[in-house]
Asks: 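Can you read through this structure? Questions will come right after.
In this text, all values refer to a predicted model and were calculated from it rather than measured experimentally.
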Amino acid sequence: MPTKEFDTRNIKWNRIEGFDHIEYHVCEVDEANRSVDILFKFAANRKIAMHRHHSDYRTFVLQGELRIYRPNGELKEVRPVGSYVFTPAGGEPHTEGGGDQDVIALFSNRNVDKLIYEILDENMNTIATFGIPEFKMLLEGQSA
């Protein structure tokens with residue numbers, strides 16, 4: 001069942017070329033406290049690129065349901081609207097995406113050392129990485 005839409009009229013959604021089914025809005029990059037807060041919007045019934053988290057993170061689902069899939073495509077977990085979940089760094093690579101409507105979730109990355117996300121190809125090879133410097137550049141770019 002669709003949830004109420006989260007009011008995004010004051011949020012500027014951004015995209016990174018080559019990354020399908022996902023939009024982002026960087027809320028804050030705090031280098032001193034080693035944290036990065038990002039809103040992500042995942043397309044309904046789609047999956048984003050395979051990735052691995054390299055920092056502790058919390059998710060808060062604001063709209064829809066966040067679906068998390070194992071590397072073999074098996075559905076691992078469904079986080080409904082209102083879910084607040086802490087996940088430690090590491091864990092298995094996975095993809096994620098929206099249920100029957102676009103999902104909007106806040107990802108609060110904490111205790112960032114070097115990397116936040118490692119993007120993987122279908123053979124589990126690293127094709128991109130994102131850490132504080134990359135999110136700082138994205139934040140500066142969305143403000144321009």
Asks: Hey, could you give me the NE2/CG distance between H94 and N72, rounded to the nearest 0.5 Å?
Replies: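 That separation rounds to 13.5 Å.
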Asks: Taking ILVMFWY side chains as joined if any heavy atoms are under 4.5 angstrom apart, and letting links pass through other members, which residues group with F60?
Replies: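 Once heavy-atom contacts under 4.5 Å are chained together, F60 belongs with F6, I11, W13, L39, L62, Y84, I104, L106.
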Asks: Just by distance, with hydrogens left out, do E118 and H51 show a side-chain donor and acceptor under 3.5 Å apart?
Replies: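 No donor-acceptor contact under 3.5 Å links the two side chains.
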Asks: Decide if atom CD of E5 counts as having more than 12 heavy atoms of other residues, nucleotides or ligands within a radius under 6.0 Å.
Replies: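 At most 12 heavy atoms, drawn from other residues, nucleotides or ligands, come within 6.0 Å of this atom.
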Asks: Taking atom types as modelled, is there a side-chain donor on S55 or R110 under 3.5 Å from an acceptor on the other?
Replies: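 S55 vs R110: no donor-acceptor pair found between side chains.
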Asks: Check the side chains of E28 and S35 for a donor-acceptor pair under 3.5 angstrom, ignoring hydrogens and angles.
Replies: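 Short answer, no.
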Asks: So, do D102 and Q63 sit near enough that their side-chain heavy atoms are less than 4.5 Å apart?
Replies: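 Heavy-atom side-chain distance check passes, below 4.5 Å.
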Asks: Could you tell me the separation between the CE atom of M50 and the CG atom of D121, rounded to the nearest 0.5 Å?
Replies: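 So the gap between those two atoms works out to 9.5 Å.
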Asks: To the nearest 0.5 Å, what is the distance between CG on L120 and CD1 on I127?
Replies: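 CD1 of I127 is found 7.5 Å from CG of L120.
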Asks: Tell me, with the steps shown, if R79 and E77 meet salt bridge (charged side-chain N to carboxylate O under 4.0 Å, His left out).
Replies: CA-CA 7 Å; R79 296 181 184 169; E77 183 179 350; 2.9 Å; yes
Asks: I need the full list of salt bridge (Lys or Arg N to Asp or Glu O under 4.0 Å) pairs touching residues 129-144, with sequence neighbours left out, sorted by first then second residue.
Replies: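 For residues 129-144: E31-K136.
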Asks: Measure the shortest side-chain to side-chain distance between K41 and Y24 over non-hydrogen atoms and say whether it is less than 4.5 angstrom.
Replies: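 Result no, sub-4.5 Å side-chain heavy-atom pair not found.
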Asks: Any side-chain heavy atom of I38 within less than 4.5 Å of one from F135?
Replies: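 Result yes, sub-4.5 Å side-chain heavy-atom pair found.
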Asks: For the rings on Y117 and F130, is their centre-to-centre separation under 6.0 Å?
Replies: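 No - the distance between ring centres of Y117 and F130 does not fall below the 6.0 Å cut-off.
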Asks: Between K76 and Y69, is NZ or CZ placed under 6.0 angstrom from the six-membered ring centre and within 45° of the ring axis?
Replies: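 Checked: cation-pi criterion not met.
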Asks: I'd like to know if the side chain of D56 reaches the main chain of A89, judged simply by a donor and an acceptor atom lying under 3.5 Å from each other, with no hydrogens or angles considered.
Replies: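 Confirmed, D56 side chain pairs with A89 backbone.
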Asks: H25 and K12: which non-hydrogen atoms are nearest, and at how many Å?
Replies: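 Minimum heavy-atom contact is ND1-O, 3.0 Å.
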Asks: Nearest 0.5 angstrom please: L66 CG to I68 CD1, how far?
Replies: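 It comes to 4.5 Å.
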Asks: Hey, is the main chain of V36 close enough, under 3.5 Å, to the side chain of N109 for a donor-acceptor pair?
Replies: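 Confirmed, N109 side chain pairs with V36 backbone.
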Asks: What's the spacing between T129 OG1 and H54 NE2 if we round to 0.5 Å?
Replies: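 These two atoms lie 8.5 Å from each other.
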Asks: In the single-linkage hydrophobic clustering (I, L, V, M, F, W, Y; side-chain heavy atoms under 4.5 Å), do Y57 and V29 co-cluster?
Replies: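 Same cluster: Y57 reaches V29 through Ile, Leu, Val, Met, Phe, Trp or Tyr contacts under 4.5 Å.
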Asks: With a 4.5 Å cut-off on side-chain heavy atoms, are I16 and L138 touching?
Replies: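 Yes, side chains in contact.
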Asks: What I'd like to find out is whether the side chain of V103 reaches to under 4.5 Å of the side chain of V61, using heavy atoms alone.
Replies: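 Yes. Closest side-chain heavy atoms under 4.5 Å.
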Asks: So which heavy atom on V26 is nearest to which on L139, and how close?
Replies: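 Scanning both residues completely, I find the closest heavy atoms to be O-CD1, 3.5 Å.
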Asks: Around atom CZ of R15, are there more than 12 heavy atoms of other residues, nucleotides or ligands at under 6.0 Å?
Replies: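 Incorrect, the count does not exceed 12.
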Asks: Measuring from F40:CZ to T59:OG1, what's the distance to the nearest 0.5 Å?
Replies: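 Reported value, rounded in 0.5 Å steps: 11.5 Å.
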Asks: Can you give me the closest heavy-atom contact between G64 and T3, atom names plus distance?
Replies: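 Taking every non-hydrogen atom into account, N-OG1, 2.8 Å.
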Asks: If we ignore hydrogens and angles and just use 3.5 Å, is the side chain of D30 paired with the main-chain N or O of A32 as donor and acceptor?
Replies: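 It does hold such a pair.
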Asks: Residues in side chain to side chain contact (heavy atoms under 4.5 Å, CB included) with E65, at least two apart?
Replies: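 R67, V78.
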Asks: Any chance CE of M124 has more than 12 other-residue heavy atoms, nucleotides or ligands included, within less than 6.0 Å?
Replies: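 Check passes, neighbour count above 12.
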Asks: For the rings on F42 and H21, is their centre-to-centre separation under 6.0 Å?
Replies: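 No, ring centres 6.0 Å or more apart.
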Asks: Is there side-chain contact between I48 and E96, with heavy atoms separated by less than 4.5 Å?
Replies: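 Yes, their side chains come closer than 4.5 Å.
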Asks: Using a 4.5 Å cut-off on heavy atoms from C-beta on, say whether the side chain of D20 contacts that of R46.
Replies: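 No, side chains not in contact.
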Asks: I'd like to know if the side chain of T95 and the backbone of K47 have a donor-acceptor N/O pair within less than 3.5 Å.
Replies: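 No: the side chain of T95 does not pair with the backbone of K47.
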